[in-house]
There are 2 protein chains.
Amino acid sequence: MYQKPTLKLLAEKLQLSTSTVSKALKDSAEISVDTKKRVAELAKLMGYRPNTAAASLRNRETRTIAVILPEIVNDFFGQVLMGIEEEASQHNYKIVICISNESYEKEMDYMEMFSNGAVDGFIMAAAMGTQELGKFEHYHNILNSGLKLVMFDRVIDSLDCDKIIVDDAASGSRLVDFLKSKGDRNICIASTISKVSVGQLREQGIRNRVEELDGLQLNVVAHEEDSSFLTQMEGSFKKDNIHSIIALDQRAGIMALNKAHELGIKVPQELQIICYSNSNMAKYSYPQLTVVDQHSRELGKKTFIRILNLLKNKDEVQVTKVHTLKTSLIERGTTRK
Amino acid sequence: MYQKPTLKLLAEKLQLSTSTVSKALKDSAEISVDTKKRVAELAKLMGYRPNTAAASLRNRETRTIAVILPEIVNDFFGQVLMGIEEEASQHNYKIVICISNESYEKEMDYMEMFSNGAVDGFIMAAAMGTQELGKFEHYHNILNSGLKLVMFDRVIDSLDCDKIIVDDAASGSRLVDFLKSKGDRNICIASTISKVSVGQLREQGIRNRVEELDGLQLNVVAHEEDSSFLTQMEGSFKKDNIHSIIALDQRAGIMALNKAHELGIKVPQELQIICYSNSNMAKYSYPQLTVVDQHSRELGKKTFIRILNLLKNKDEVQVTKVHTLKTSLIERGTTRK
DNA sequence: AGTTGATTTGAAAACGCTTTCGTGAAAGCA
DNA sequence: TGCTTTCACGAAAGCGTTTTCAAATCAACT
């Protein structure tokens with residue numbers, strides 16, 4: 001089988017040393033324009049590609065980032081991943097992907113597995129299991145070993161690392177104002193993510209604002225599991241006189257909408273629904289769901305850029321460790337004009 | 001900052017040579033049980049992890065597979081990726097992810113970028129752009145350079161490589177039978193993927209069966225772009241007397257369903273819909289879509305196992321290069337009992 | 001005691017790259 | 001011409017592993 005060209009091979013063919021060839025390819029000032037050209041030409045001709053393992057070994061950097069996601073069949077995380085990947089490929093970085101499946105153990109395993117120098121850093125959103133258990137030593141281990149860590153969306157408050165989040169609490173508050181302005185008094189929170197940080201933040205933001213304002217009522221329907229959620233939702237529809245629903249995640253939103261259909265409730269005339277996450281599911285529902293857009297792709301890009309900065313300014317201290325993105329409301333078919 | 005333990009460091013502490021330590025950690029028969037134990041203990045104590053770059057360089061294998069997907073915010077590809085990832089992590093392989101965004105150029109760039117020894121092989125589904133253009137030299141380059149390549153779902157017929165696909169044509173044929181048995185005569189194909197291989201195969205399977213049988217009528221609504229698709233769909237609903245729709249992809253399915261809602265067509269009483277891909281969108285639609293399940297996660301696992309075999313039996317010739325998985329119909333709310 | 005064989009360990013090279021440092025040649029200047 | 005400076009290149013070391021081959025030790029058998 002055909003042998004991949006190496007520096008040595010190029011050097012032989014050109015009657016040069018590997019050092020010269022290496023420098024020439026890096027456009028070093030030490031090398032004459034003439035030989036640079038010769039080297040570049042042959043390299044192109046032979047399809048030379050530097051061996052990454054060798055470069056990693058020598059340079060002590062892998063140009064690889066591990067991305068640990070709680071799940072992947074989920075538009076939000078998918079979009080974030082897109083953003084990360086896009087930015088990474090532009091900067092000539094590789095992304096290795098790990099799916100924790102919301103499990104603390106898997107998350108830990110992955111972090112251990114890659115803490116040997118296989119990657120330069122981690123981008124991650126905490127697994128539900130981790131947030132429930134509240135065990136964070138694996139994060140500390142990573143940080144202590146000098147690897148970079150940037151968390152997004154589902155972050156650990158007590159952890160001293162860089163974080164990219166959205167204004168979950170503030171947005172919740174804004175939604176209440178929005179619904180009140182439409183005349184709704186009886187608001188229901190629907191959630192399948194009440195065990196993760198963002199779910200709690202959103203709920204808190206809503207709750208606080210409801211208490212600040214007068215004459216508003218709040219219900220909560222929360223369950224991770226579809227069927228329990230649906231029966232709870234149905235119960236709430238029947239006994240409480242719900243004017244509007246704020247769904248803290250796409251699944252809760254779509255299930256609430258479907259249940260409303262089933263019960264013959266007219267959306268948005270009799271019931272308004274706002275849903276977190278600008279997902280395809282929300283876009284292709286009927287009617288199209290009004291959503292809180294987290295600008296997830298942008299979030300992914302920002303997250304990558306942040307870790308890139310950490311990697312570059314090796315010793316400089318970052319001042320602002322937490323970066324908050326502002327969400328925006330996309331009004332569609334489940335809210336009134 | 002703290003220095004990662006290496007073989008050399010372990011060796012010094014134990015008063016051994018690196019060779020011995022290396023062998024001991026690999027449980028070589030050359031080494032006495034006693035020293036093996038000593039080495040193992042210290043290694044564990046110090047948290048030794050072999051440097052992957054060094055091992056890659058020496059062993060000429062990276063234990064890394066590049067996965068190139070046309071898109072990631074798509075339940076089918078997401079599920080396949082899950083399967084791949086699951087199997088990979090079990091076999092101690094890494095997955096680097098690339099998103100071609102349906103573009104021929106990006107696909108090519110990625111394959112070039114990784115064809116240097118950064119990965120041991122590729123798992124991929126062809127981008128729409130590639131299938132449209134019909135340019136496949138980049139695949140040949142990969143194969144010639146000795147890297148392994150396994151394609152899934154969107155494969156290139158003329159390419160001599162391993163492929164994992166589903167019985168697209170056959171399943172199309174079965175769907176026709178199914179619908180006919182329910183009394184439908186006027187079938188409409190809805191597609192946003194008529195430019196990719198699987199879309200064409202499914203359509204062909206349906207078309208052939210319709211021609212074989214008597215008294216059936218076939219319409220086609222196909223457009224990649226949402227708004228054009230929707231207006232075409234609406235036109236078809238109004239002029240053709242459609243009994244049922246076979247949607248070749250999830251987007252087409254959900255859009256057809258929504259349009260039916262909009263026009264007040266009762267599903268499934270007046271119109272049956274069957275949709276390819278067992279996606280969340282289909283599961284959480286109202287009513288829930290009847291779908292063709294491609295067992296996508298299983299497909300992902302099979303794909304990884306295939307490439308793993310290629311990697312192991314380096315010289316052995318694989319006999320069956322194409323592996324076809326059987327799809328199954330999941331009857332839900334958009335078809336009649 | 002001498003030879004053999006088995007057992008356990010080590011020295012050294014290699015994987016492909018980068019970088020420091022050194023060297024020879026050409027150029028500049030007096 | 002003799003000196004320094006600049007320019008262009010090469011030698012060599014080292015990144016952390018793995019593996020081949022040789023060496024050392026010790027027991028066993030003549």
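This is a predicted model, so every value here is computed, not measured. To find a chain, count down the sequence lines: A is the first, B the second, and so on, and within it residues start at 1.
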Report task. Pick base, sugar-phosphate or nothing for A:Thr6, based on heavy-atom distances below 4.0 Å to the nucleic acid. Result -> sugar-phosphate
Requested in this report: Would you classify B:Thr35 as touching base, sugar-phosphate or nothing, given that sugar-phosphate means primed atoms plus P, OP1 and OP2, and contacts are heavy atoms under 4.0 Å?
Outcome: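 The answer is sugar-phosphate, as B:Thr35 gets under 4.0 Å only of primed atoms, P, OP1 or OP2.
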Query raised in the report: For the residue pair A:Tyr104 and A:His138, does the interplanar ring angle fall in the parallel (under 30°), tilted (30 to 60°) or perpendicular (over 60°) class?
Result: perpendicular
Query raised in the report: Relative to each other, are the rings of B:Phe304 and B:His91 parallel, tilted or perpendicular (30° and 60° limits)?
Result: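 Plane angle between 30° and 60°, so tilted.
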**Report entry** Separation between CD1 of B:Ile95 and CD1 of A:Ile97, rounded to the nearest 0.5 Å
**Finding:** 9.5 Å
Spacing of [X] atom [atom1] relative to [N] atom [atom2], expressed in whole Å:
X       : N      : atom1 : atom2 : result
A:Arg63 : C:dC17 : CZ    : P     : 16 Å
A:Glu30 : D:dT5  : CD    : P     : 19 Å
A:Asn51 : D:dT17 : CG    : P     : 17 Å
A:Arg60 : C:dT19 : CZ    : C1'   : 14 Å
A:Leu57 : D:dT18 : CG    : P     : 12 Å
B:Lys36 : C:dT9  : NZ    : C1'   : 13 Å
A:Lys37 : D:dC9  : NZ    : C1'   : 19 Å
A:Asp34 : D:dA8  : CG    : C1'   : 11 Å

Report task. Starting from the 5' end of DNA chain C, give me the residue, B:Ala54 or B:Gln15, whose nearest nucleotide shows up first. Result -> B:Gln15
Requested in this report: Could you pick out which residue, B:Asn59 or B:Leu16, lies toward the 5' side of DNA chain C when each is mapped onto its nearest nucleotide?
Outcome: B:Leu16
Requested in this report: Would you please test A:Lys36 and A:Asp27 for salt bridge (Lys or Arg N to Asp or Glu O under 4.0 Å) and show each step?
Outcome: CA-CA 7 Å; A:Lys36 276 188 203 168; A:Asp27 198 27; 3.1 Å; yes
Query raised in the report: Is it the case that more than 12 heavy atoms not belonging to B:Arg154 sit under 6.0 Å from its CZ atom?
Result: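 Yes - once you tally the heavy atoms of other residues, nucleotides and ligands closer than 6.0 Å, there are more than 12.
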Is any side-chain N or O of [X] under 3.5 Å from a base N or O of [N], one able to act as donor and the other as acceptor?
X       : N      : value
B:Lys23 : C:dG10 : yes
A:Ser19 : D:dA11 : yes
B:Arg58 : D:dT18 : yes

Query raised in the report: OP1 or OP2 of C:dG10 sitting under 4.0 Å from any side-chain N/O of B:Ser17?
Result: yes
Query raised in the report: Does any N or O in the side chain of B:Ser56 come within less than 3.5 Å of the main-chain N or O of B:Thr52, such that one atom is a donor and the other an acceptor?
Result: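 Flag set: sc B:Ser56 to bb B:Thr52 pair under 3.5 Å.
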Query - Nearest-nucleotide 5' precedence on DNA chain D, A:Ile31 against B:Pro5 - result: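 Looking at the nearest nucleotide for each, A:Ile31 comes out on the 5' side.
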Report summary line: To the nearest 10 degrees, the angle between the two end axes of the helix from C:dA1-D:dT30 to C:dA30-D:dT1 (five pairs per end) comes to 60°
Report task. Grab the two heavy atoms, one from A:Ile164 and one from A:Arg306, that are nearest each other, plus how far apart they are. Result ->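 Nearest pair, atom of A:Ile164 first, then A:Arg306: CD1-CB, 4.1 Å.
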